[in-house]
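To start, the structure under review is shown below, and the notes come after it.
Read the numbers this way: they start at 1 and go in the same order the structure lists the ligands and their atoms.
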Amino acid sequence: MEPLDRYRPIVDDFEAFIDACERPLPSAVRVNTIKTTVERVQTALADADIAVEPVDWHDGLFVLPKDSPGANWPYFHGWIHGQEEVSVIPATVLDPQPGDRVWDACAAPGSKTTQLAALMDDTGEVVATDNNLGRISALRTNTERLGATTVAVTHEDGRNHSLKPFGGEGYDRALVDVPCSCEGTIRKNPDTLEDWSLSHVEGISGVQKGILKRAVEVTEPGGTVVYSTCTFAPEENEAVLDYVLDEVACEIVDYDLPLNHAPGITEWQDETYDPSVADAKRIYPHHNDTGGFFCAKLEVPAE
Ligand SMILES: C[S@@+](CC[C@H](N)C(=O)[O-])C[C@H]1O[C@@H](n2cnc3c(N)ncnc32)[C@H](O)[C@@H]1O
């Protein structure tokens with residue numbers, strides 16, 4: 001399957017990987033604990049004859065049956081939000097605490113912004129930035145539907161982010177869920193690779209580097225930054241981390257991920273990356289029957 005063939009040297013069990021990429025993706029919903037509880041959602045979905053499967057590693061996340069209706073009253077009331085399994089990883093790894101100041105650098109349409117607000121019990125502050133006005137409109141709608149009152153939306157290029165959080169010089173944490181070539185979404189969008197080109201991968205890599213660098217710069221000493229993509233391309237993953245390690249003071253740290261995964265790679269074609277990028281996690285679709293994903297945790301040294 002072009003262009004995924006380029007990953008044959010780095011993917012464990014390449015045939016299983018391609019098989020999984022050709023299967024449709026199961027849909028999932030996250031319970032919005034700002035407005036309700038897991039138990040109330042389970043009752044409401046059972047009453048609506050929607051038989052959901054709980055995801056064992058993440059509380060309040062459910063896989064939907066294949067033929068389930070897209071819209072139902074728990075959705076309209078903001079009790080649930082459609083969010084696939086791997087998409088909940090970055091906010092979970094960032095682990096924001098109530099009262100924190102958090103920057104969500106590429107926020108629209110707000111799945112992770114609203115997850116962050118829920119993890120913080122809708123306290124503190126989430127500054128949610130995006131450079132696309134149309135997508136910001138979806139971000140605002142989701143934020144309102146899900147009742148996340150502590151979210152402030154900014155329309156700007158994340159590379160130039162200059163807003164200071166309320167009452168602070170910098171952020172406690174930043175989430176950097178960058179625009180990417182989306183190779184890992186092929187199960188959801190089978191056309192996603194039709195416009196794939198190496199020049200796009202290389203171009204978007206420059207944007208990703210700029211946004212991640214800015215996130216490290218605006219995070220307070222001792223703070224945490226999480227970087228994620230839904231793509232397999234090392235140019236958009238390990239190469240971005242390697243660049244930022246050289247440019248600004250930060251380190252990549254290991255974290256627990258209770259899902260099957262592979263380590264970040266330290267060599268790709270003619271490039272060698274800093275050994276610490278191996279602490280990033282690659283999640284391939286055949287590992288857990290999900291979409292593809294990449295996620296790294298960075299720490300800004302305390303002064
Ligand atoms: C992967 S999507 C984010 C998904 C979002 N985090 C969520 O969970 O709903 C990447 C987003 O980055 C935005 N984006 C692209 N270039 C940007 C830039 N230079 N600065 C900020 N946002 C950007 C896109 O408009 C898109 O909404």
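- Residue pairs satisfying the side-chain hydrogen bond (donor to acceptor under 3.5 Å, both in side chains) criterion with at least one member in residues 38-50, sequence neighbours excluded, are absent.
- The 4.0 Å heavy-atom shell around ligand 1 contains residues A105, C106, A107, A108, P109, G110, S111, K112, D130, N131, N132, R135, E156, D157, G158, D177, V178, P179, V207, I211, ordered by chain and number.
- In this structure D19 satisfies the salt bridge (Lys or Arg N to Asp or Glu O under 4.0 Å) test with no other residue, sequence neighbours excluded.
- Taking CD from E194 and OG1 from T192, the interatomic distance works out to 9.0 Å, rounded to the nearest 0.5 Å.
- Using a 4.0 Å cut-off between a side-chain N of Lys or Arg and a carboxylate O of Asp or Glu, D254 and K281 qualify as a salt bridge.
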Can you give each donor-acceptor pair under 3.5 Å made by side-chain atoms of residues 236-250, sequence neighbours left out, with the distance rounded to 0.1 Å?
unit_1 : atom_1 : unit_2 : atom_2 : d
E236   : OE1    : S181   : N      : 2.9
E236   : OE1    : Q208   : NE2    : 3.0
E236   : OE2    : S181   : OG     : 2.5
N237   : OD1    : T229   : OG1    : 2.7
N237   : ND2    : T231   : O      : 3.0
N237   : ND2    : A233   : O      : 3.3
E238   : OE1    : R282   : NH2    : 3.0
E238   : OE2    : I265   : N      : 2.8
E238   : OE2    : R282   : NE     : 2.8
E238   : OE2    : R282   : NH2    : 3.4
D242   : OD1    : D274   : N      : 2.8

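- The cationic group of R30 does not satisfy the cation-pi geometry with F62, failing either the under 6.0 Å distance to the six-membered ring centre or the 45° limit from the ring axis.
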